[in-house]
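Inspection log for the structure reproduced underneath, given as structure tokens.
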Amino acid sequence: MHAPTTTRRFTLSLLATSCLATTGLLAMPRAAFAFDAPGWPAAAFSKKTEADAIAALYGQKLTASDKIRLEAPDIAENGAVVPVSVSTTLPNVTRISLMASHNPFTLAADYVLPAGTEPAVACRLKMAKTSDVIAIVESNGKIYGARKSVKVTLGGCGG
Amino acid sequence: MFHSRLRAAALLAGMLGAMVLAQAPARAAPAPNPEADRLAFQAYFRKNYPAVKNSDWGNGPYALNAGMRKQWEAIMQFPPYEFALAAGEKEFNRKFANGRSYADCFPNKGIGIRQNYPYFDTKTGEVVTLGIAINRCRVANGEKPLGYKKGLLAAIETYMAHTSRGKPFDIKVPNDPRALAAYEAGKKFFYSRRGQLNFSCASCHVQKAGHRLRGDILAPALGIMAAFPIYRSKWGEMGTIQWRFVGCNKQVRSVPFKPQSKIYRDLEYFLSYMSNGVPITGPGARP
Amino acid sequence: MSSTIRVRAVASGGTTVVQALINHPMDSGFVKNSKGKLIPPHYIEVLTFEHAGKKVFTAFWGPAVSKDPYIKFTFKGGAKGDDLKISWVDNLGKHDSLTAKLVG
Amino acid sequence: MSSAAVRRGTLALTVAMMLAPAMAAAATKTDAEAAIAAARKAEAAAGVLQNQWLPTEAALKMAAKALAAGKYDAAVATAKRAHALAELSIQQAREQDKLWHNEVVR
């Protein structure tokens, strides 16, 4: 995750974002119109790249781990409802986050698991286009990641 | 260049038509035989898709594609139509101003009867779908009729379909010329190519069932009515068969008809009859 | 009006499996309505689950969570009849909560 | 008759149709109104056969807008395209009236 690719990724996703959203919306700082619930990691949710979101949320490098089972479809039936489930055998898991690399805002969901809650969660996410779903698990204070590519295409013949 | 061939073909067809016309009455369309049609229709699907169990035809694309089925099963753990189901049940048990309720309008108090709809009403001489029956009940009890595409009517249909889960379709086409005509009209609509894309319902749901259309898998026509009403992620709410007909027509760039118009009710009548014996799987969740 | 939260919480063998479905548009702010105007962002930000006075699960959600969102998790403990308090608040300050009973 | 044939047929027909007015003098308001009226009549006929196309409706709307904006050439051209589309949908309905039997699962 060294600097050059970040800036390239940054510009690329910015391009994708601008074609998706009116620039007017983006010019407005996120917090301006949003009432932020207590504890809600606003900064992390406003980041547009995987690296920035991870940095904002955890502030440490991500190391891949094969102890995380990330289930997501190969081809999404509908990009608006992508069933994703994460489970792991890593010990003392306190947090699980889910990201979609090419979404306008990369961080999709962030779950806090107090002691006594099992390290597994299932939910349904929206994906802007074909990209990776990334699961990040915080175990004993360190973060581990797994990724899976999900193909997202338009549905039907859309005459 | 190509167009001239088109016009030539049309001309040729015209001339041929004229010649054939002389004997055409002899080869007039055979008298409608719904049961023979149904047996042939179901035999086509059972032969071409041998792996599909009878109870699975109502699960559309998920009966023909493992990847899609896995996502569907995840969503069915807690399907988004639960809100419509709860709202439908509440409305179904609500008493009208005159003290009566929906249960008084339907046979068996409206429970477990969805598989008999649509039926042919010999008194009025037209096809009556579940949506029409619900609105007839409301109007008869001083309530105003509901929209046929979505909303409260779709919620009521969701509850009634849920009470019929597992019961096989049991549609009747009485030996009444008007019923047979309605059945034939639905059959003709199903097999006629329409719209600028020039597809018929059969082009996709018979000839290409199980194939992919960009992100979607085409549902087989057999049992395609069984899952309705459906919560489509695309709509983000519950929708009826009639709304889906409008959607499909638009997709082939054909001007759609009004929900519950005669042509759509006949189509639903034909398609439901084709699925006789296939169990109800509604309410359904679809992309 | 009836609650926006539907929950199934089954306690068995010392653990409780919780599934919840919430009736919420979860508008991302990138979708246009039929008249071509952008629908403003409106999504749940925080969703909490409490059992026996202790938080057992907290979800921080953003615009990328599906409409009528669903969540499933499991926590150790919990017995039939216990209370499970679920509450959410969204980016417009709207909120709802429900106390459900664990089933056996 | 495959869908590609119909689409190419539409294209060829509309191109032929659009060339005609270029040679003639600039269209007048009455030309535009006449062209639109003719297209509407054809579309109504397609309606009787319960086989109207969405592109025809779109073209009719565009023609009316061009007429209102005083762009008579554009109005005539678009009206002629709508007319051609309506004719094709009528032809499709008539052909399908016989051809649908061939697709029936037997």
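Every chain is numbered from 1, with letters handed out A, B, ... down the list of sequences.
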**Item:** Side chain, backbone, both or neither of B:F257 within contact of chain D (heavy atoms, under 4.5 Å)
**Value:**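 When you check distances to chain D, only side chain atoms of B:F257 fall under 4.5 Å.
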
**Segment of B:L39 engaging chain D (4.5 angstrom heavy-atom cut-off)** =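 Contact with chain D: none, neither part.
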
If every non-hydrogen atom of [X] is compared with every non-hydrogen atom of [Y], which pair is closest and at what distance?
X: B:E184; Y: D:W100; result: OE1-CH2, 3.9 Å
X: B:A40; Y: D:R106; result: CB-C, 3.4 Å
X: D:V105; Y: B:F41; result: CG1-CA, 3.9 Å

**Fill in**
With B:Q196 as partner, the option from D:L54, D:L85, D:T56 fulfilling side-chain contact (heavy atoms from CB on, under 4.5 Å) is D:L85

Supply the atom-to-atom distance [X] [atom1] to [Y] [atom2], rounded to the nearest 0.5 angstrom.
X: D:D97; Y: B:S192; atom1: CG; atom2: OG; result: 7.5 Å
X: D:W53; Y: B:N198; atom1: CH2; atom2: CG; result: 7.0 Å
X: B:R194; Y: D:Q50; atom1: CZ; atom2: CD; result: 8.5 Å
X: D:E57; Y: B:R253; atom1: CD; atom2: CZ; result: 14.5 Å

**Request:** For the residue pair D:V104 and B:F190, establish whether any side-chain heavy-atom pair is separated by less than 4.5 Å.
**Result:** no

**Message:** Would the distance check show the side chain of D:Q96 and the main-chain N or O of B:R193 forming a donor-acceptor pair, the cut-off being under 3.5 Å?
**Reply:** yes

**Message:** Please check if the number of heavy atoms outside B:R178 that lie under 6.0 Å from its CZ is greater than 12.
**Reply:** yes

**Request:** Assess the side chains of D:Q52 and B:S254: does a donor N or O sit below 3.5 Å from an acceptor N or O?
**Result:** no

